[in-house]
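Below: the structure, in structure tokens.
Quick note: residue numbers are just sequence positions, from 1. Numbering of ligands and ligand atoms starts at 1, following listing order. None of the values given here were measured: they were computed from a predicted structure.
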Amino acid sequence: MNVTTENEITATAAFDVMRYRADFPILGRHVHITSKSPGRQLVYLDNGATTQKPQQVIDAITHYYSHYNANIHRGVHALSQEASAAYEAARETVAHFVNAASAQEIIFTRGTTESVNLVAHAWLRSRLNAGDEVLITAMEHHSNIVPWQLVCEEKGATLKVVPVNDNGELDYEAAAALLTSRTKLFAFTHVSNTLGTVNDVQRLTAMAHAQHIPVLVDGAQAAPHLRINVQELGCDFYCFSAHKTYGPTGIGMLYVRGELMREMQPYQGGGGIISHVTFEKTTFVEGPLRFEAGTPNIEGAIGFAAALDYMNAVGLPAITAHEHDLLTYTTAQLEQIEGMRIIGTAPCKAGVISFVVGNLHPYDVGTILDQQGVAVRTGHHCTQPLMQRFGVPGTVRVSFGLYNTRSDADQFITALHKALKMLA
Ligand code: PLP
């Protein structure tokens, strides 16, 4: 599977990155300003951790608080009705973004982590028995490991793991062999946050569905970079966090394919999810509200929708192509460096590059890059088992967003050369 088509390459040529950069006020700032120094112009290459926010998102949140802040779904007054309408319109926007069949298939959560936990508790827990298995992969973020591990431990079930090869690609044959009548769920990432590998979701889902095994896809690192079409992917659950798609923190989504939503038990008790309560028994509403107990993150949903509108306006194919250009441009320069080891060399990658140089500690490299204004991530990236697989304690990770430029890449490479000289 190749994520960059000819049309998308044409889109790169027309990609007006400087116009988009102007939408992100934070990109104009300097870091490490002192009384003696104007500091360094920020070069932000830590988009895998979180993205910066365009003015359109900041304005949408400010507008909500300035004009129609109210609690939703329970008020008859004008502000409550406006806020409720905006919250439900946001659900529609998210549904369109992933091409869900209906907004009723979208649950707002606190983010990817909560989405995975929700499925573990509201869906899997009551179905899992001793001797059953949950299948994940060796490239999962801790968020897509630990929730399953906890439920497996409680139920006496086993967590099984699909291995990755030296390029950081999944072993699809091993996956096929590990999917058995004991498997109750297959949960895997769409794009690896550490390796950048883009997994073939359709193929993996088809393999699982051939044995009637439901599939959860962690889309935290895919939604910022690729067009998502849950109906085409065929998965049963899909989730991602708004803060990685240019939206606010504390909000995310969980897509649940129609019928499965009806099989899920309430995740948390509280207001907003009930149809009737007595001291003897509570009955619950149907649909996503059943899983959104308490006052939700209203501003977050509104900001989330503004962010997805923003990405749609830029265009997902154009974003994919632009970031692919940055990936190949930067990788080629990194490969010239003596002692460079790129962890994750799959042919199909999103804009993420993890690397180590010789025996240098990633933390030291990252610190010197930071002193020069270049923000990257260092460490295990919440993928400790993957670090063990590649025999490294951590990596330096560069991850691109739609506003990054080749000049950012050049500044990063210059700063890296300086860091390597200092650490030699
Ligand atoms: N899954 C992947 C692949 C991620 O990269 C991340 C965050 O980095 C998560 C899950 C967890 O996302 P959040 O912390 O927003 O819940």
Side-chain angles (χ1 to χ4, degrees), residues 44-53 57 94 98 107-121 136-150 161-162 164 168-170 186-199 201 204 215-226 228 233 235 237-255 267 297 300-301 303-304 307-308 323 343-344 346 348-354 375-387 389 394-401:
Y44 188 77
L45 295 171
D46 192 19
N47 296 285
T50 200
T51 50
Q52 301 302 342
K53 318 307 169 199
V57 169
V94 176
V98 297
I107 300 171
F108 282 122
T109 63
R110 283 192 297 121
T112 311
T113 303
E114 190 181 40
S115 298
V116 175
N117 277 281
L118 198 159
V119 176
H121 288 272
I136 59 169
T137 83
M139 64 170 78
E140 298 312 316
H141 187 280
H142 297 163
S143 295
N144 202 24
I145 301 173
V146 182
W148 311 121
Q149 206 166 44
L150 288 171
V161 183
V162 179
V164 297
E169 295 164 290
L170 285 182
F186 186 16
F188 58 85
T189 194
H190 192 162
V191 172
S192 161
N193 65 311
T194 299
L195 306 167
T197 311
V198 180
N199 290 322
V201 175
L204 293 166
V215 165
L216 175 140
V217 181
D218 171 353
Q221 296 293 340
H225 307 297
L226 309 173
I228 309 299
L233 295 173
C235 56
F237 304 101
Y238 195 99
C239 53
F240 67 91
S241 307
H243 71 95
K244 295 187 200 285
T245 57
Y246 310 96
T249 51
I251 184 99
M253 62 80 80
L254 171 66
Y255 158 80
Y267 168 55
N297 184 351
F304 191 4
L308 299 184
E323 292 174 349
I343 311 280
C348 192
K349 278 182 67 168
V352 174
I353 314 171
S354 266
V376 297
R377 183 129 303 230
T378 62
H380 54 66
H381 318 298
C382 292
T383 53
Q384 282 182 348
L386 192 62
M387 296 294 110
R389 160 67 180 83
T395 71
V396 179
R397 183 187 72 183
V398 172
S399 50
F400 298 110

Between Asn193, Leu386, Thr189, which is the residue that forms a side-chain contact (heavy atoms from CB on, under 4.5 Å) with His141? Asn193
Asn199 side chain reached by Met139 side chain, heavy atoms, under 4.5 Å: yes
Can you sort out which atoms of ligand 1 are near Ser241, meaning under 4.0 Å from one of its heavy atoms? 12 (O), 13 (P), 15 (O), 16 (O)
For atom 5 (O) of ligand 1, the closest protein heavy atom turns out to be Gln221 NE2, 2.7 Å
Which of parallel (below 30°), tilted (30 to 60°) and perpendicular (above 60°) describes Phe240 and Phe304? perpendicular
Check Glu140 against ligand 1 and report side chain, backbone, both or neither, counting heavy atoms closer than 4.0 Å. neither
Students should be able to answer this: which protein heavy-atom is nearest to atom 8 (O) of ligand 1, and at what distance? Lys244 NZ, 2.6 Å
Just say parallel, tilted or perpendicular for the rings of Tyr267 and His121, cut-offs at 30° and 60°. tilted
Does some side-chain heavy atom of Val116 sit less than 4.5 Å from a side-chain heavy atom of Cys239? yes
Return the closest protein heavy atom for atom 3 (C) of ligand 1 as residue, atom name and distance. Asp218 OD2, 3.5 Å
Can you report which non-hydrogen protein atom sits closest to atom 4 (C) of ligand 1, along with the distance? His141 CD2, 3.3 Å
What residues form a side chain to side chain contact (heavy atoms under 4.5 Å, CB included) with Val161, not counting sequence neighbours? Ile136, Ala138
Walk me through whether Thr194 and Ser354 qualify under side-chain hydrogen bond (donor to acceptor under 3.5 Å, both in side chains). CA-CA 6 Å; Thr194 299; Ser354 266; 5.3 Å; no
Please determine whether any non-hydrogen atom of Asn144 lies less than 4.0 Å from an atom of ligand 1. no
Answer with yes or no whether Glu114 contacts ligand 1, where contact means a heavy atom under 4.0 Å from a ligand atom. no
In the protein, which heavy atom is nearest to atom 16 (O) of ligand 1, and how far is it? Thr113 OG1, 2.6 Å
